[in-house]
Chemist: 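Once you've had a glance at the structure underneath, I'll fire off some questions.
All residue numbers in this chain count up from 1 along the given sequence. Fair warning: this is a prediction, and the values are worked out from it, not measured in the lab.
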Amino acid sequence: MKTDPEAFIRANTSVIAPPHVPEISLHLASEAHELWLKTEEELEAIGLPPPFWAFAWAGGQGLARYILDHPEMVRGRRVLDFASGSGLVGIAAAMAGALEVTAADIDPWTESAIRLNAEANGVALGFTGADLIGRAVDADIVLAGDVFYDLAFADALIPWLSRLTAAGKLVLVGDPGRSYLPRDRLEFCAVYEVPVTRALEDSEIKKTTVWRFGSRS
């Protein structure tokens, strides 16, 4: 790693409350264009993977809102925040009374971002950088915000989440209408209008739905 993640995060983000989840504060990129639109060469020069952790994506905001509004979903239960990014959804679960929360993300930079964000909100999150797809998980609930944006990723996720559901895990998904969302496997929970930035999305408001992952209909 060419750049110290914590130092970079502190220097290139501000502590901001996502608009749809004002109870939570995160280290986010205040100038989205500047950080997100760096070239691959610029990112490689500083050893930075695409900084998904620096933004509060619509699917995560919707899922975090749902958890805060329905704390009984996670209270006293073990939670896995899959593809955690900033840790937003995991932080919401911890604030809602989860017994324990593990944030999982294969981007090594997210470990520092999640730790800083958890500290900013006075909660404790575990972390794993392991690729969990295909594995059994030691959790009661799996939360996944904004994960169906890529075909290959979705093709790997869908059978894994199906197996977890069959094993008795509750799987909740937050999604703003990404291209590879498996609608035939989902049960509606709630819908939100989530403010986002045009630097990252195609509109300033994204209709974001929280789904329960289930069997194929």
Side-chain angles (χ1 to χ4, degrees), residues 1-65 67-68 81-95 101-131 143-150 153 174-176 178 194-206 208:
M1 196 172 290
K2 301 176 182 179
T3 302
D4 176 64
E6 179 171 340
F8 182 89
I9 291 166
R10 291 186 182 279
N12 289 275
T13 64
S14 302
V15 178
I16 300 169
H20 207 63
V21 207
E23 300 95 323
I24 294 175
S25 297
L26 302 173
H27 288 79
L28 300 176
S30 52
E31 295 296 332
H33 281 93
E34 180 179 347
L35 186 56
W36 184 252
L37 299 181
K38 285 183 181 292
T39 66
E40 289 186 12
E41 291 78 13
E42 288 175 311
L43 293 174
E44 184 177 356
I46 60 176
L48 174 64
F52 291 99
W53 49 265
F55 305 97
W57 299 88
Q61 288 198 59
L63 187 51
R65 180 75 271 150
I67 293 300
L68 290 174
D81 177 18
F82 174 75
S84 184
S86 67
L88 169 60
V89 176
I91 290 167
M95 292 174 67
V101 181
T102 300
D105 203 299
I106 61 172
D107 176 359
W109 282 65
T110 60
E111 182 172 11
S112 294
I114 290 165
R115 176 174 51 78
L116 290 171
N117 289 333
E119 290 173 357
N121 292 278
V123 298
L125 270 61
F127 177 82
T128 178
D131 183 355
L143 305 177
D146 234 324
V147 294
F148 292 106
Y149 55 86
D150 176 83
F153 194 37
D175 189 273
R178 301 300 184 201
V194 179
V196 292
T197 173
R198 280 190 174 273
L200 305 175
E201 302 284 9
D202 55 4
S203 64
E204 294 180 352
I205 300 289
K206 294 291 285 188
T208 299

Chemist: To the nearest 0.5 angstrom, please state how far the OG1 atom of T110 sits from the CG atom of L116.
Modeler: 11.5 Å
Chemist: To the nearest 0.5 Å, what is the distance between CD1 (I9) and CG (D4)?
Modeler: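 Between atom CD1 of I9 and atom CG of D4 there are 8.5 Å.
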Chemist: Under 6.0 Å from the CD1 atom of I106, do we count more than 12 heavy atoms belonging to anything else shown?
Modeler: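 No, because the 6.0 Å sphere around CD1 of I106 holds 12 heavy atoms or fewer from other groups.
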Chemist: Where is the tightest heavy-atom contact between P5 and W109, given as atom of each residue plus distance?
Modeler: CA-CZ3, 3.6 Å
Chemist: Between the main-chain N or O of G85 and the side-chain N or O of D105, is there a donor-acceptor pair closer than 3.5 Å?
Modeler: yes
Chemist: Closest approach of K206 and A58, non-hydrogen atoms and distance?
Modeler: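 What the structure gives for the nearest pair is CB-CB, 3.9 Å.
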Chemist: Between I91 and A118, what is the shortest heavy-atom contact and its length?
Modeler: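 Taking I91 first and A118 second, the nearest heavy atoms are CD1-N, 3.9 Å.
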Chemist: Is there a donor-acceptor contact under 3.5 Å from the side chain of N121 to the main chain of S25?
Modeler: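 A pair under 3.5 Å: yes.
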Chemist: Could you check if a side-chain atom of I24 sits within less than 4.5 angstrom of a side-chain atom of M95, using non-hydrogen atoms only?
Modeler: yes
Chemist: With no hydrogens and no angle check, is any side-chain donor or acceptor of T128 less than 3.5 Å from a backbone partner on A130?
Modeler: yes
Chemist: Once rounded to the nearest 0.5 Å, what's the spacing between atom CG of L26 and atom CZ of F55?
Modeler: 12.5 Å
Chemist: How close do P22 and A17 get, counting heavy atoms only, and between which atoms?
Modeler: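 Here P22 and A17 meet closest at O-CB, 3.8 Å.
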Chemist: So that I can tick it off, tell me whether E111 and R115 are bridged by a salt bridge, with the cut-off set at under 4.0 angstrom between side-chain N and carboxylate O.
Modeler: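 No, this pair does not count.
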Chemist: Without swapping roles, check the side chain of R65 against the backbone of H20 for a donor-acceptor pair under 3.5 Å.
Modeler: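 Indeed, once roles are kept as given, a pair shorter than 3.5 Å links the two residues.
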Chemist: Quick one: pull up OG in S86 and CD1 in I16 and give me the separation to the nearest 0.5 Å.
Modeler: 11.5 Å
Chemist: Output the distance between atom OG1 (T208) and atom CG (D175), rounded to the nearest 0.5 Å.
Modeler: 7.5 Å
Chemist: Considering non-hydrogen atoms only, spot the tightest contact between P18 and L28 and give its length.
Modeler: CG-CD1, 4.4 Å
Chemist: Locate the shortest heavy-atom distance separating P195 from P19; write the atom from each residue and the value.
Modeler: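 Reported closest heavy-atom pair: O-CG, 3.6 Å.
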Chemist: With side chains defined as the heavy atoms from C-beta onward, is the minimum distance between L88 and W57 less than 4.5 Å?
Modeler: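 No, too far: nothing below the 4.5 Å cut-off.
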Chemist: Do I114 and W53 touch side chain to side chain, with heavy atoms closer than 4.5 Å?
Modeler: no
